[in-house]
Amino acid sequence: VEAFRVLQRASQIGKVVISIQECSAWQPRSNAAGFVVSGGTGGLGLLIGQWLVECSSSRLSLLSRSGACGQGTEQHWHSAATRSSASVQVHLCDVALDQDAASIIESDMVSTAGIIHSAGVLADALLANQTQAGLQRVWGPKAHAAWCLHCAVGEAKLQLFALFSSIAALFGGPGQANYATANACLDALVRLRQNNSIAALSMQWG
């Protein structure tokens, strides 16, 4: 705000530089904390898993529909997990199916401190060419899966319930009506959880 006021007054000579103070990174409140990552063997999921292990998470459950790891990250990821002696399990399941989400989450709920939903699929097409299958292909893994995770954990006191949304939820984009809508649904789910005073965070990636 101060920088914009300087610009507004046109009182500066040359550029106006903003120095952003570094904020402290989020950390699990306990080294024994366990976390669940949906889309856990995709590129983003593996990076998030690695970060959680480096944050001293002792137990990690990676949920995946395929179980296949993203190229170039698997070796580095396993090396980090080995160094920290973290317990890492990959569960083959479709989180967009109510029973799959519930069975995985409920079996681990006692020691689960947080959930990160990183699953997502693109199926771009102009609105006139969108089909029910194209809508469902995007909606299921992102929006409905997030709802299934929400229902599975209920009002449990988690440290973290994070959803990967997108700036597309605000601005949209040609051919991404299905993707924009699914991400807007994630943002709405977070508001619902926040209104009930339970952990919720939606990150609108650029």
Side-chain angles (χ1 to χ4, degrees), residues 1-31 33 35-57 60 62 70-73 76-77 79-81 83-84 86 113-122 124 138 141-143 145-147 149-150 153 157-206:
V1 173
E2 183 182 350
F4 279 115
R5 285 177 177 160
V6 170
L7 290 171
Q8 188 179 41
R9 293 192 297 268
S11 59
Q12 85 278 7
I13 298 174
K15 305 288 187 183
V16 173
V17 179
I18 300 176
S19 176
I20 305 296
Q21 297 299 317
E22 191 173 320
C23 62
S24 58
W26 179 88
Q27 293 283 337
R29 291 198 291 265
S30 167
N31 288 349
F35 289 86
V36 173
V37 181
S38 66
T41 60
L44 277 175
L46 287 170
L47 288 173
I48 289 294
Q50 180 184 327
W51 170 72
L52 286 167
V53 164
E54 290 170 353
C55 286
S56 300
S57 173
L60 201 58
L62 305 177
Q71 290 184 344
T73 57
H76 187 59
W77 152 252
S79 175
R83 287 196 306 271
S84 67
I115 291 176
I116 298 177
H117 179 45
S118 70
V121 172
L122 288 175
D124 293 358
V138 173
K142 183 167 279 286
W147 179 256
L149 290 169
H150 161 71
V153 299
K157 298 298 182 183
L158 300 176
Q159 293 181 30
L160 187 69
F161 186 91
L163 307 179
F164 283 7
S165 178
S166 168
I167 198 68
L170 297 180
F171 298 124
Q176 292 197 320
N178 49 7
Y179 183 70
T181 305
N183 283 294
C185 184
L186 298 191
D187 299 337
L189 174 57
V190 163
R191 285 298 181 92
L192 173 68
R193 289 180 60 88
Q194 289 175 347
N195 288 341
N196 288 309
S197 300
I198 48 181
L201 173 68
S202 182
M203 292 174 279
Q204 292 177 326
W205 295 103

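Owing to the predicted nature of the structure, the values given are computational and were not obtained by experimental measurement.
- Here the CD1-CZ distance, from I18 to F4, works out to 6.0 Å after rounding to the nearest 0.5 Å.
- Heavy-atom minimum distance, A182 versus A143: O-CB, 3.9 Å.
- Within the 4.5 Å cutoff, no side-chain heavy atoms of W51 are placed close to those of V37.
- Considering CG of L46 and CG of L62, their distance stands at 7.0 Å, rounded to 0.5 Å.
- A search for ring-ring contact (aromatic ring centres under 6.0 Å, His included) contacts involving Y179 returns nothing, not counting sequence neighbours.
- Considering every non-hydrogen atom in both G120 and K142, the closest pair reads CA-CE, 4.2 Å.
- If you take CG on N178 and CG on L122, they are separated by 8.0 Å, rounding to the nearest 0.5 Å.
- Applying the side chain to side chain donor-acceptor pair (under 3.5 Å) rule to S166 yields no partners; only residues at least two apart in sequence or on another chain are considered.
- Taken from CG in L149 to CG in L189, the straight-line distance is 9.5 Å, to the nearest 0.5 Å.
- Taking every heavy atom of both residues into account, A146 and F161 meet most closely at O-CZ, 4.2 Å.
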N/O donor-acceptor pairs under 3.5 Å from side chains in residues 6-17, not counting sequence neighbours:
none

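- The two residues P141 and A119 make their nearest non-hydrogen contact at O-CB, 3.7 Å.
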Under 3.5 Å, side-chain donor or acceptor atoms of residues 198-206 against the rest of the protein: list the pairs with distances, not counting sequence neighbours.
{"unit_1": "S202", "atom_1": "OG", "unit_2": "D187", "atom_2": "OD1", "d": "2.5"}
{"unit_1": "Q204", "atom_1": "NE2", "unit_2": "D187", "atom_2": "OD2", "d": "2.8"}

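- The closest side-chain heavy-atom distance from F164 to L186 is not below 4.5 Å.
- A side chain to side chain donor-acceptor pair (under 3.5 Å) check over residues 192-201, counting only residues at least two apart or in different chains, returns the pairs H150-R193.
- S118 meets the side chain to side chain donor-acceptor pair (under 3.5 Å) test with no other residue; sequence neighbours excluded.
- One distance of note links CG of L52 with CG of L60; it measures 6.0 Å at 0.5 Å rounding.
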